[in-house]
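The structure appears right after this line, and notes come after that.
As the structure is a prediction and not an experimental result, all values here were calculated from the model. So you know, we letter chains A, B, ... as the sequences are listed, proteins then strands, and number each from 1.
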Amino acid sequence: MPDTHKDKRFICDYYTPGMIIIRIIRASVPCGNIIKINIPELKGDAGIIQFGDIPKNRCLKVFSKEMPILSDGNIRYEGEPILLLYGSNEQQIEETEEQISIEYDTDYTIKSMEIYTEDQIDREINYQRGKPDKNFEKSFRIIEEEYTTDAQNHYDLEPQGAATVISKKKLEITCATQWPFNVRDNVSACIGIPAKDVTVNVPAMGKTHSGKLWYAGLLACYSAIVTWKTKKPSICIIPKTDSILYTPGRAASKFKFKTGLDEDGKILSRSIDITIDSGAFPMLSEEMINRICFSAAGVYSTPALRITARSLITNRPPSGAFNGMGFHQSFFATESHSNSLAAAAGLFPSEWRLKNVAKKQINLPMGWESRKPMQLEILLDTVLEMSDYTRKYAAYKLAAVKQNVFSGKKRGIGISVCCQGNGFMGKVEENEKYTVSARLDNDDKLSIMTSAVPENFQTAMLWKEIAGKILEIVPADIKIETTDTSLVPDSGPSLFSRNITIIIQLIEKCCNAIKKSRFRLPLPIEVKRSFRLPRTNGWNPETFSGNPFPVVSWGAAVVETETDPINLTTLVRGVWFAADCGKILNRELAEAEIESEIYRSITSSTIKPPVKKYTEKGIPLTPAQPAMNISITTKFIDSKELKSGGLGELPDSLVPSALLEAISTAMNTKLTSLPSSSEHLFRQLNHKEKEKIEN
Amino acid sequence: MRIDFSLNGKKVSTDTPPEKRLIDVLREDFGLLSAKNACYSGECGSCTVLLEGQTIPACQIPVFTIRAKHLITMEGFRGTEKYLDIINAFSEAKCTPCPFCFNGKVFAVDRLIDNRRSPEISEIMALLSDHACGCASVSSFIQGVKYAFQNRELRGELLR
Ligand code: FES
Ligand code: FES
């Protein structure tokens with residue numbers, strides 16, 4: 001293994017003694033107004049920054065949404081940054097921090113998702129296709145259910161942060177971000193200097209799961225403000241607790257389904273009511289609610305559909321993109337509901353799915369059309385066969401009903417099917433011009449310039465392999481310049497598998513263009529290519545019609561479990577996974593990605609992390625990965641899509657519902673909320689037992 | 001307080017508050033950045049170093065306790081045959097932990113395969129669970145640990 005690790009510097013490696021350290025003093029109440037801030041006498045070079053000290057623009061901007069960089073006196077969530085305390089002597093800073101006290105007027109009602117008022121609604125969608133009410137009247141049976149998903153935090157090992165130095169009269173920011181140009185623009189706006197006087201360098205980063213999309217910009221602003229004021233290098237790294245509790249996690253959600261089936265168990269009508277918690281500042285709510293609506297009815301033929309969805313402003317930390325931005329919540333709910341529909345129709349969950357999945361593009365729930373034909377039945381057949389689902393389901397179901405709860409370990413099996421939309425839902429990609437450039441130098445070495453940040457170094461390897469193949473250059477002669485906004489073009493934010501779908505397309509285009517002129521023009525040759533969403537089937541976000549994504553990936557999975565009826569812990573025996581995600585660029589990397597995401601998804605579906613509010617430094621917060629060796633079988637079916645699609649979000653859309661269905665089957669119950677821990681299962685079984693006795 | 005100890009085979013000395021965390025001393029006073037400061041709670045393993053041949057979380061150790069002791073960080077471990085056993089095995093198994101958790105994982109594997117018997121899968125999984133980043137391929141890691149054990153066995157190190 002080439003020892004490439006020794007020179008990689010993460011944001012925490014940028015601290016050097018003497019640098020100004022920044023501490024964020026946060027609100028200790030979820031809502032209210034600040035009455036008074038008591039600050040002790042500051043020693044040495046210590047200083048304080050409050051809202052009014054921000055030189056120019058006091059809000060952070062993400063697309064069209066804004067949030068104050070520091071509290072303007074009003075508190076909207078517990079943990080909201082109120083002031084920055086800085087200085088070079090860590091001990092002094094710590095002592096001062098302990099003496100700062102803030103008085104609040106907290107006579108306000110906390111805004112939550114559970115009971116909400118009209119003024120909390122940030123965005124609402126009312127969508128209708130066909131005649132849902134008429135079809136409900138015609139339905140043979142109607143099933144109504146509710147599902148919920150909790151907010152989910154980021155548990156990355158690597159801390160979040162930003163550092164700033166002034167070099168040649170420019171602000172040089174080093175920031176662990178997935179969106180360097182957004183950081184640059186926000187810093188330039190808040191300091192009030194031209195964007196050309198700010199450069200953003202991206203250090204090495206671990207896997208982000210979209211946790212470093214816009215939050216990093218806030219930390220960069222803090223560091224930039226302090227350096228601007230003190231003219232000294234500064235660094236703002238947040239402790240791990242803060243990173244878990246306050247960086248934008250996955251939005252909590254609630255789904256209410258009403259589905260009408262015909263006599264054969266086919267969907268006739270559906271109405272879905274969705275509520276999502278966008279937190280105090282709904283920075284990405286438009287995209288999130290669109291994606292949630294888009295996926296809420298699953299991938300099933302739905303002649304009539306009504307969706308009412310709203311994103312709420314609450315007194316919780318702002319929600320973020322978190323892998324898929326809504327697809328995960330929707331597919332958990334809709335696929336779990338599908339199992340109930342199957343049960344109501346007297347069908348196996350697999351049979352019901354095969355009967356109901358959309359066979360033609362035009363039959364997809366909201367009328368959106370995928371560019372290429374889907375092969376959902378093939379995907380389902382593939383996982384059914386690989387896992388021996390039908391036999392196992394029949395056996396486990398019977399055993400669960402017949403046997404005593406405590407007679408040995410209980411096995412269960414669950415199935416799910418979903419899609420992954422790669423890229424933004426049309427609008428953003430249409431409005432912004434995102435670019436990649438490549439240069440072949442005199443020594444036949446290639447440089448690829450992009451501000452897209454590879455989510456792991458495997459992605460960077462993939463980019464090199466692809467470019468190398470086209471130009472017949474070894475990867476060692478290819479350099480990827482992603483780290484400096486003054487050198488690379490704006491390639492947009494790195495999320496939604498854009499690094500695979502869009503950036504790779506652009507790299508290919510650049511390399512093919514270089515290849516064409518390689519022996520006609522003198523070296524160096526530099527080429528720039530920008531992304532254009534195909535105009536055909538243009539996406540209309542108002543009517544949800546047309547074609548929202550450049551590429552859609554599809555997947556199906558089966559999960560088999562074994563639950564101990566005494567301590568209610570579950571072991572995952574196997575996961576069978578099939579995907580149709582266009583051209584597979586590197587099978588090994590794709591399989592590794594699926595495997596790690598499956599593990600991650602199992603952990604977050606069954607473990608409720610012990611997040612508490614700790615005041616001292618040093619916090620046991622990492623939810624341990626389950627110590628189980630899961631047999632994972634993956635198959636990529638032949639795709640009709642020639643482009644490459646992402647696949648990293650598929651496991652987290654497929655596994656939760658299949659896993660909870662497997663546990664539910666085994667224990668003869670129904671789990672309806674995510675995550676569902678052993679404790680949750682215990683409460684549910686207890687409740688069922690109580691009901692039985694009462695009846 | 002002046003503290004003398006051996007760092008990566010060399011005698012060194014530092015003048016520092018005795019209760020300062022070892023991880024901060026290594027990073028700030030000696031510029032050794034391989035051990036990462038992530039959770040500061042002894043949970044994640046990112047800050048692992050070898051003290052007298054034993055793996056310890058450097059974030060939990062006040063620096064005065066290492067007085068006159070032998071300390072090895074990844075900077076010193078790199079290039080040793082023990083390191084090569086693991087790194088070559090990872091390469092063969094296509095196991096690619098990211099540079100952030102690399103330090104903790106490599107030291108943990110070293111400790112596991114030093115037990116002179118082929119590691120059980122449950123032990124490897126428990127190790128991974130202690131260094132939970134959730135983003136590296138589990139099967140390639142299991143394979144990597146097995147190869148690392150074989151490499152060490154082949155060198156005869158385990159028999160001595
Ligand atoms: S930083 Fe020491 S164990 Fe995490
Ligand atoms: S933190 Fe290193 S692979 Fe996840």
Side-chain angles (χ1 to χ4, degrees), chain A residues 1-10 12-17 90-91 155-159 204-209 237 239-241 455-458 461 588-589 591-601 603-604 614 617-632, chain B residues 17 20 24 27-29 31 33-34 36-46 59-60 74-75 78-79 83-84 86-104 106 121-140 142 144:
Chain A
M1 179 163 163
D3 193 355
T4 50
H5 286 4
K6 61 173 183 278
D7 305 320
K8 293 269 190 302
R9 280 174 84 200
F10 289 81
C12 57
D13 301 332
Y14 282 78
Y15 171 70
T16 48
E90 195 174 358
Q91 208 183 330
Y155 284 89
D156 306 331
L157 271 187
E158 164 215 351
M205 290 201 303
K207 206 165 182 184
T208 62
H209 292 98
I237 292 184
K240 188 144 186 222
T241 7
E455 49 275 271
N456 48 37
F457 70 106
Q458 282 96 329
M461 248 154 64
E588 243 166 44
L589 292 183
E591 280 174 359
E593 168 90 354
I594 287 167
E595 191 200 276
S596 61
E597 288 306 320
I598 286 176
Y599 269 92
R600 198 177 248 269
S601 187
T603 311
S604 57
Y614 289 80
K617 211 173 163 187
I619 331 98
L621 278 170
T622 324
Q625 214 167 31
M628 52 177 134
N629 180 21
I630 303 165
S631 142
I632 297 171
Chain B
K20 191 166 174 181
D24 293 338
R27 296 173 65 85
E28 291 166 20
D29 300 4
L33 301 178
S34 285
K36 303 292 179 198
N37 45 353
C39 70
Y40 276 112
S41 65
E43 285 256 313
C44 72
S46 312
C59 68
Q60 294 298 294
M74 187 53 69
E75 284 84 355
R78 226 175 239 129
Y83 174 83
L84 292 177
I86 298 166
I87 200 84
N88 291 338
F90 275 8
S91 171
E92 205 179 330
K94 303 213 160 51
C95 167
T96 48
C98 80
F100 201 86
C101 59
F102 180 82
N103 178 71
V106 167
I121 294 214
S122 58
E123 290 174 304
I124 304 176
M125 290 310 298
L127 180 157
L128 250 194
S129 176
D130 286 349
H131 293 260
C133 72
C135 48
S137 152
V138 175
S139 56
S140 69
I142 294 175

(request) Of all the heavy-atom pairs spanning A:P159 and B:N37, show the shortest one and how long it is. (result) CG-O, 4.2 Å

(request) Under 4.5 Å heavy-atom distance to chain B, tell me which part of A:Q91 shows up: side chain, backbone, both or neither. (result) neither

(message) Please classify the contact between B:L84 and chain A as side chain, backbone, both or neither, with a heavy-atom cut-off of under 4.5 Å.
(response) neither

(request) Find the distance between NZ (B:K36) and CG (A:D13) and round it off to the nearest 0.5 Å. (result) 3.5 Å

(request) Check whether any side-chain heavy atom of B:P99 lies under 4.5 Å from a side-chain heavy atom of A:F10, and answer yes or no. (result) yes

(request) Would you give the length of the straight line joining atom NZ of A:K240 to atom OG of B:S41, rounded to the nearest 0.5 angstrom? (result) 7.0 Å

(message) Checking A:M461 against B:T96 for the side-chain contact (heavy atoms from CB on, under 4.5 Å) test, could you report, in this order, the C-alpha distance in whole Å, the side-chain angles of both residues, the deciding distance, and whether it holds?
(response) CA-CA 12 Å; A:M461 248 154 64; B:T96 48; 5.7 Å; no

(message) Is A:E158 in contact with chain B via its backbone, its side chain, both, or neither, using a 4.5 Å heavy-atom distance?
(response) both

(message) What part of B:I121 gets within 4.5 angstrom of chain A, counting heavy atoms only: side chain, backbone, both, or neither?
(response) side chain

(message) The test is side-chain contact (heavy atoms from CB on, under 4.5 Å); show your working for A:Y15 and B:E28 and say whether it passes.
(response) CA-CA 8 Å; A:Y15 171 70; B:E28 291 166 20; 3.4 Å; yes

(message) Among B:A89, B:S140, B:S139, which residue has the highest count of heavy-atom pairs closer than 4.5 Å to chain A?
(response) B:S139

(message) Once rounded to the nearest 0.5 Å, what's the spacing between atom CZ of B:R27 and atom OG1 of A:T16?
(response) 11.5 Å

